[in-house]
Chemist: 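Below are the structure tokens for one structure; questions will follow.
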Amino acid sequence: MDMVTADIPATARTTARCQAYLRSLGMDNEREISRIIGCALACNDDPAQAGCPPVERLRLLWEQWLTGAEPHRVNLQAPLALCQVRQALLQRKNQDPVAAPAPGERLAGAQFVAVPPEEPLEMPAQPLGDLHPLLRTAFWRRLLRRLRRGSRRRDETNGGTRG
Amino acid sequence: MKPPTESGRFYLWLLLVLAAGSSAMATLAWWHISVRDGIRPLDIPLTMLFAALFLWVAAGFWTATFGFVRHIAHVQTPLPAGADTSPAHDRPLPRTAVVVPVYNEDPGSVFAGVCAVYEELQQTTHAGAFDVFVLSDTTDPDIWLEEESAWAWARLRLHGASGLFYRRRPKNSGRKCGNISDFCQRWGGRYPYMVVLDADSLMTGATIVEMVRRMERNPGMGILQVPPLPVNRNSLLARLLQFSSQFYGAIFVSGYSLWAGNHGNYWGHNAIIRTRPFAECCGLPPLPGAPPLGGEVLSHDFVEAALMQRGGWSVAVADDLDGSYEECPTTLVDFAKREQRWCQGNLQHIRISISRRVRPVSRLHLAMGAMSFLASPLWALFLSMALIQAAFARRFHGDSPASPGHMNGAIWLFVITMLMLLLPRLWAILAAFNSHGRIDRFGGEGRALLSVLLETATSVVIAPILMLYHTLFVATTFMGHTVRWDTQRRSESRVTLQDALPAHALHTIAGLAAALLVQWTAPGLLPWMLPVLFGLVFSIPAAMLLGSRRIGLLLRRRGLLQIPEEIAPPPVIRRKRRHLADYLRATRHAPRAFIRAIADPALNALHVSLLPRPAAPALEASGDLGRLAQIAISGGPERLSRSERLAIASHPDAMRWLHQQAWQDWPLCDLQQCAAAGMGHAAEKPQDPGDSGC
């Protein structure tokens, strides 16, 4: 579900909510906000309509950032993209306030990633916690058994039994 | 390649001989005093306990003495065999990860510290060699979402910060060592070294770079630990801990570093680790047997050091490096909580210390770790048995333990024991006077000496309280109660009577009962027992005073208990304070993170994109989740329990659906407030509710 094209018109149906939503995205150019809302409301009933450049461009940016990148590269993209859109809009206001950056134009140098690509290492569990042989009862039992066997053999070798 | 580790053990053997020798002499003296009037039933167990306790005190004394002598004689730690001593300042550094494992910590403080360390690294000439990872094991949904928001805040604040990463594990299996192990298994191949920091650790960029250089110069070194100095706290207890750690700690660490050499220990953070050998040697299995002594390894650091040494890698303590900091608990209860967490872990080490295939020096470290907790019940047992012995003697033989025959010898033994405990303080004072400018960094001669007196007096009060705590922890651990591994409370808060009463009622009752018992059965022992009884009886007011920030700050204004970082805070500390202040200002009026993650489009999108893929089943197929999401919209997220909020926050469809519904149904004013505190704004300027227009 894409938020900008579908959500603003569908969920924030009043102009006030549209304005609040766009401001919450970091936009502070009132003229631009009004224009976007106008366009968004105009294409509300026909999301496939491509006649409203700013919203469409925003939508494309969202899509690219949210779904277009590799899994490990999808993270802070959305807010960054929006901040950059805002920056771009502000920078261009003297030339053409409506013009947003082309899709992908500003993505290359500023990809935010949560984690870099993985390069795994094996981490096998190590043998640990087996008691030292001297502390094992089995060790002592075996030792006693051997001693007993040894003493029996000695007794037998000596030619008889004790007692 | 596993180069041989340095094997000079002269100082270790010297320590063992000196500690065992002084303990044997004191024990002989004790025996002669005890059996002057004939051998009584408890004389043999009492003598054994005395020997064990004196050995422990002697080990500490001789360690401090080594440190003092080393300071005076400028003895250097021996370099490991094969170490490259040529300067390597211009060589490029290999890739190094700075990893910060966190578990339900305060995100603002964590990311303020991370920003400070990141900025420090950026200021070095090797900035490109370092990446910083915040490795979250957080289970509280609000803290989790706040971490994501704080991470975004940090990245925007640090102008993109392409090397600042965030990873959360949905299940915190294996706790902290599982967290680090997960990092090694996923990214260990990228980074020859990793610097492990705690949630409240700070390190300067220059120190981190120097740590990497030392690892490069010493190809056989597996772990290099830089002792962290406690800083940044203002309660009386915290300032006492900070002062004692810095003023006395230096000679202890120096002595320890001398006798441990390249067979030292790892303290879990503020250390650099060679990643590949660590992965090969330190996969921790569950210990045989059931908890508390078997099962999952709770205190991993000592064990990992032992395993690295078993694999032929050296572990050293860089006591000559500074720029390594941490924060300490601010109240007695928090201190005790931390001790309880460590207690079960350290007692588990008993089993490992008597296991197969552990090097003798590692057995010593593990045994010393366990002894740091076992000493308290042994001390309590010793005092109880001495009391019983005196009571029986008085009842059946009319013999007072304070008779002149015993008195002289006992006083001498008492004086020697006290000297063993107090001389390290004198060594620290002499070392500070001997070192150029050091005493001034603790407030000057007069104030430093007054601070030592104040700290010594307070430690007499605290020692019996901790003795009883440790005894309880050891007893409950051996009875099979496992530790609840709760988060350490790191913020400073006042200790009220309501807080202190339940925490210290047992101490007070035990102290009063013991005082009455001593007076009734063996009044001659009362003066000897008074220091112990005083701390116990007055533990409630003591806890309130020690937890007081006001008293801590008052002493600070008077120049007492000062540490160098209070007089001239280093840039990394100043940076953290600035980042934290800005973060707190930016989020002061922000609703809780769960609500913001629903209402703020940027945080919602960020959170959804961070959830692990493949995504969870569709919301419609997730049974109860749909109902819970409805409740969150209609009644507010407050109506959901923590586990319900966690389930929703873990489901991307649920979070998306909540976002859409919130923008349809929630009051605009609430949405604007969330938006005003949202990610797009928080990094730029502080917000207040007025900004939202409500």
Side-chain angles (χ1 to χ4, degrees), chain A residues 1 3-4 6-8 10-14 16-28 62 65-67 69 71-72 74-83 86 109-136, chain B residues 131 133 151-152 155-156 160 162 165-167 181 184-190 275-276 279-285 287-289 294 297 303 307 310 351-352 354-357 599-606 608-610 613 656 659-661 663-664 668 671-672 674-676 678-681:
Chain A
M1 177 67 71
M3 277 182 275
V4 176
D7 299 356
I8 293 177
T11 64
R13 290 185 181 282
T14 66
R17 280 181 185 251
C18 281
Q19 285 173 341
Y21 193 88
L22 288 173
R23 284 197 195 105
S24 72
L25 293 173
M27 293 192 180
D28 51 9
W62 275 93
W65 280 103
L66 285 172
T67 60
H72 66 266
V74 177
N75 281 301
L76 247 189
Q77 305 92 328
L80 179 74
L82 289 163
C83 289
R86 185 191 59 167
Q111 289 241 336
F112 270 53
V113 289
V115 286
E118 295 186 6
E119 284 184 34
L121 275 185
E122 289 279 315
M123 198 156 178
Q126 299 298 316
L128 185 69
D130 288 337
L131 285 182
H132 195 280
L134 286 175
L135 297 163
R136 285 193 198 154
Chain B
D131 284 337
F133 285 77
W151 175 59
R155 291 199 63 159
L156 293 171
S162 58
F165 302 116
Y166 173 81
R167 184 285 272 130
S181 158
C184 290
Q185 289 177 61
R186 292 176 65 184
W187 295 284
R190 283 176 70 91
T275 316
R276 191 170 289 277
E280 284 166 2
C281 300
C282 296
L284 295 182
L287 293 175
V297 175
V303 184
L307 291 176
R310 183 169 83 180
R351 190 192 173 95
I352 301 170
I354 54 175
S355 297
R356 292 171 64 208
R357 299 186 63 216
D600 177 12
L603 183 54
N604 183 273
L606 169 70
V608 169
S609 73
L610 284 175
R613 294 168 188 227
R656 280 196 203 104
H659 178 67
Q660 292 163 32
Q661 291 302 308
W663 275 90
Q664 200 166 14
L668 189 57
L671 295 167
Q672 283 175 319
C674 288
M679 278 169 41
H681 296 271

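Just so it is clear: chains get the letters A, B, ... in the order the sequence lines come, proteins before strands, and each one is counted from 1.
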Chemist: Once salt bridge (Lys or Arg N to Asp or Glu O under 4.0 Å) is applied, do any residues pair with B/Arg310, and if so which ones, sequence neighbours excluded?
Modeler: none
Chemist: So with a 6.0 Å cut-off around CZ of B/Arg276, is the heavy-atom count from everything else above 12?
Modeler: no
Chemist: Which heavy-atom pair separates A/Pro127 from B/Arg357 by the least distance, and what is that distance?
Modeler: CG-NH1, 3.4 Å
Chemist: Pick one of side chain, backbone, both or neither for B/Arg190, based on which atoms fall under 4.5 Å of a heavy atom in chain A.
Modeler: both
Chemist: Evaluate B/Phe133 against B/Trp187 for ring-ring contact (aromatic ring centres under 6.0 Å, His included), listing each step before the verdict.
Modeler: CA-CA 10 Å; B/Phe133 285 77; B/Trp187 295 284; 5.5 Å; yes
Chemist: Please classify the contact between A/Gln126 and chain B as side chain, backbone, both or neither, with a heavy-atom cut-off of under 4.5 Å.
Modeler: both
Chemist: Can you say whether B/Ile354 sits under 4.5 Å from chain A via the side chain, the backbone, both, or neither, judging by heavy atoms?
Modeler: both
